[in-house]
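Some notes on the structure that comes next.
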Amino acid sequence: TKTADDTSIPETGQDVTFTIRITNTGVEDVTVTSIIDDKFGDLLSTAEAAWETAGNTAPITIAAAEPDEYFEFTITRWLASDSLTAHTNQVDVIVVDDDTTTATDYDTETVNFEDVAPEIDVTKTADDTSIPETGQDVTFTIRITNTGVEDVTVTSIIDDKFGDLLSTAEAAWETAGNTKPITIEATGAEPYAYFEFTITKTLISNSGVVHTNRVDVIVVDDDTTTATDFDTATVTFTDVPPAASLIKDVKEALVTFTVKVCNDSTASTDPLTINTLTDDIFGDLLDAENSLLQDNTCVGLANAVIPYGE
């Protein structure tokens, strides 16, 4: 007989231990001369090593007895099948008795493979999540991470606001030196393999309504099992207050200034004589030729005498 310790295993593979038992069901002692497995080859030396480990001396001899005597040994092999094709193997055993008469028997064992679905994690991030309502460019990074144990091929990338992004992603994939389609290997553990690309869009919202968009990604493994994941990114808009400016220009104006000179002396015997009269902006007010002044009546005050108290 040939039995496996696990007859249904994941397609990605695992060790399977097969137990091969040879039972003497006859009345003659027998010696094992051949053990051939159609997948694992000649197993006689493996069996004899187990026989000797049990304290016996080769060759393997199984006595005739009641109940039947037997000898068994194990082999462990790694089995995997991305195609999900079942593994079936056959072992053939030949024994001989003391007068060289032979007997033969065989057994088969089948191990099935369970489909392992791919797994991905999709993230979408914006380089700026709060922008002025008047608008600016925002760059979104979309990352597809293979978190499973199956290599995957990206077949669809759909954004609910920006549409089909697969061709954009594939262009970035090729720019990085790869060949389409986008294929992300499985590492089976962290750090996981990933592929990411960016898109840049101008966002504006005079109403201040928040921008939220979602990207959905579909991948497929080598036996056409799919996986999907999505993520969203949100960008808010800050209010931009109104602004105004006022410029007032005076191009030309005619202003009349009144100049009054008083004698404020405390001595009644001291009259005041005007010798000079100067303005810090318009200059000599007694100068009849002063071009900064029009209708200047101050010129008549030159050498004028102002009595006490006037």
Side-chain angles (χ1 to χ4, degrees), residues 6 8-16 78-85 87 111-131 135-205 209-237:
D6 195 341
S8 183
I9 65 173
E11 62 172 312
T12 49
Q14 73 175 46
D15 282 335
V16 177
W78 176 267
L79 300 182
S81 177
D82 283 336
S83 66
L84 302 181
T85 301
H87 170 93
V111 176
N112 296 305
F113 295 94
E114 304 162 358
D115 182 32
V116 176
E119 298 177 36
I120 59 171
D121 179 63
V122 174
T123 59
K124 181 175 187 179
T125 55
D127 66 342
D128 196 340
T129 57
S130 181
I131 65 174
Q136 76 175 44
D137 284 344
V138 177
T139 297
F140 296 92
T141 299
I142 299 169
R143 175 179 288 193
I144 307 166
T145 302
N146 186 349
T147 56
V149 293
E150 289 277 292
D151 295 349
V152 297
T153 298
V154 180
T155 59
S156 176
I157 306 174
I158 302 295
D159 191 289
D160 66 344
K161 296 295 193 300
F162 306 133
D164 190 341
L165 301 179
L166 182 60
S167 60
T168 302
E170 288 179 336
W173 175 260
E174 290 180 314
T175 299
N178 305 302
T179 302
K180 293 189 302 184
I182 301 168
T183 302
I184 309 172
E185 294 183 350
T187 63
E190 295 184 356
Y192 297 119
Y194 66 86
F195 167 69
E196 67 180 20
F197 67 100
T198 61
I199 57 171
T200 300
K201 302 294 182 182
T202 301
L203 301 183
I204 300 173
S205 179
V209 175
V210 171
H211 170 94
T212 298
N213 67 319
R214 165 174 166 163
V215 64
D216 286 77
V217 178
I218 300 174
V219 301
V220 63
D221 65 11
D222 57 358
D223 49 20
T224 71
T225 303
T226 62
T228 184
D229 193 27
F230 70 90
D231 196 21
T232 59
T234 297
V235 178
T236 60
F237 297 91

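This chain uses plain numbering: 1 for the first residue, then up along the sequence.
- Residues Thr155 and Val219 form no side-chain contact, since every pair of their non-hydrogen atoms from C-beta on lies 4.5 Å or further apart.
- Applying the side chain to side chain donor-acceptor pair (under 3.5 Å) rule to Ser81 yields the partners Ser83; only residues at least two apart in sequence or on another chain are considered.
- Applying the side chain to side chain contact (heavy atoms under 4.5 Å, CB included) rule to Ala193 yields the partners Ile184, Thr187; only residues at least two apart in sequence or on another chain are considered.
- Minimum heavy-atom separation, Ser130 to Val235: N-CG1, 4.5 Å.
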- Given the rule in the side chain to side chain contact (heavy atoms under 4.5 Å, CB included) test, do Val116 and Val149 qualify, once you have shown the distances and angles that lead to the verdict? CA-CA 8 Å; Val116 176; Val149 293; 3.5 Å; yes

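- Under the rule for a side chain to side chain contact (heavy atoms under 4.5 Å, CB included), the partners of Asp216 that lie at least two apart in sequence or sit in another chain are Arg214, Phe230.
- When the side chain to side chain contact (heavy atoms under 4.5 Å, CB included) test is applied to Thr125, the partners found at least two apart in sequence or on another chain are Thr141.
- Put simply, OG1 on Thr145 and CD1 on Ile120 are 9.0 Å apart, with the number rounded to the nearest 0.5 Å.
- For Tyr192, the ring-ring contact (aromatic ring centres under 6.0 Å, His included) criterion is met by no residue, not counting sequence neighbours.
- Within the 4.5 Å cutoff, no side-chain heavy atoms of Thr153 are placed close to those of Ile182.
- For residues 183-195, there are no salt bridge (charged side-chain N to carboxylate O under 4.0 Å, His left out) pairs, not counting sequence neighbours.
- In this view, Thr179 satisfies the side chain to side chain donor-acceptor pair (under 3.5 Å) rule with no residue, not counting sequence neighbours.
- Residues Thr168 and Ile199 have side chains in contact (heavy-atom distance under 4.5 Å, counting atoms from C-beta outward).
- Expressed to the nearest 0.5 Å, how far CD1 of Ile158 lies from CG of Leu166 amounts to 8.0 Å.
- Ile157 is listed as a side-chain neighbour of Ile144, based on a closest heavy-atom distance under 4.5 Å.
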- Task: Decide yes or no on side chain to side chain contact (heavy atoms under 4.5 Å, CB included) for Asp6 and Asp15, but give the supporting numbers first.
- Result: CA-CA 9 Å; Asp6 195 341; Asp15 282 335; over 6 Å; no

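- Note that the CG atom of Leu84 and the CG atom of Asp223 stand 4.5 Å from one another [nearest 0.5 Å].
- Remark: Thr224 engages Val220 in a side chain to side chain contact (heavy atoms under 4.5 Å, CB included) (not counting sequence neighbours).
- Defined by atom type and a distance below 3.5 Å, a donor-acceptor pair is missing between the side-chain atoms of Glu119 and Asn146.
- Scored by the salt bridge (Lys or Arg N to Asp or Glu O under 4.0 Å) test, Glu114 finds no partners at all (sequence neighbours excluded).
- Checking Thr225 against Asp115 by side-chain atom types alone, a donor-acceptor pair falls below 3.5 Å.
- Counting only distance, with no hydrogens or angles, the side chain of Thr202 and the backbone of Gly135 share no donor-acceptor pair below 3.5 Å.
- Side chains of Thr212 and Thr232: a donor-acceptor N/O pair is absent below 3.5 angstrom, by distance only.
- Contacts of Phe162 classified as ring-ring contact (aromatic ring centres under 6.0 Å, His included), with partners at least two apart in sequence or in another chain: Phe140, His211.
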- Task: Before giving the answer on side chain to side chain contact (heavy atoms under 4.5 Å, CB included), spell out for Thr234 and Thr129 the whole-Å C-alpha distance, their side-chain angles and the decisive distance to 0.1 Å.
- Result: CA-CA 6 Å; Thr234 297; Thr129 57; over 6 Å; no

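- Residues meeting the ring-ring contact (aromatic ring centres under 6.0 Å, His included) test with Phe195, sequence neighbours left out: Trp173.
- Note: Thr183 OG1 to Asp221 CG = 11.5 Å, rounded to the nearest 0.5 Å.
- Remark: side-chain polar atoms of Asp127 are paired, donor with acceptor, to backbone N or O of Thr139 under 3.5 angstrom.
- For the salt bridge (charged side-chain N to carboxylate O under 4.0 Å, His left out) condition, the pairs that include at least one residue of residues 139-162, sequence neighbours left out, are Lys124-Asp159, Arg143-Glu196.
- Proximity of Ile131 to Val138: side-chain heavy atoms (C-beta onward) are separated by under 4.5 Å at one or more points.
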- Evaluate the criterion side chain to side chain contact (heavy atoms under 4.5 Å, CB included) for residue pair Leu79 and Phe113; output intermediate values, then yes/no. CA-CA 9 Å; Leu79 300 182; Phe113 295 94; 4.0 Å; yes

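- In terms of heavy atoms, Pro118 sits closest to Ala227 at O-CB, 3.2 Å.
- Separating the CG atom in Asp231 from the OG1 atom in Thr123 is a distance of 6.0 Å, to the nearest 0.5 Å.
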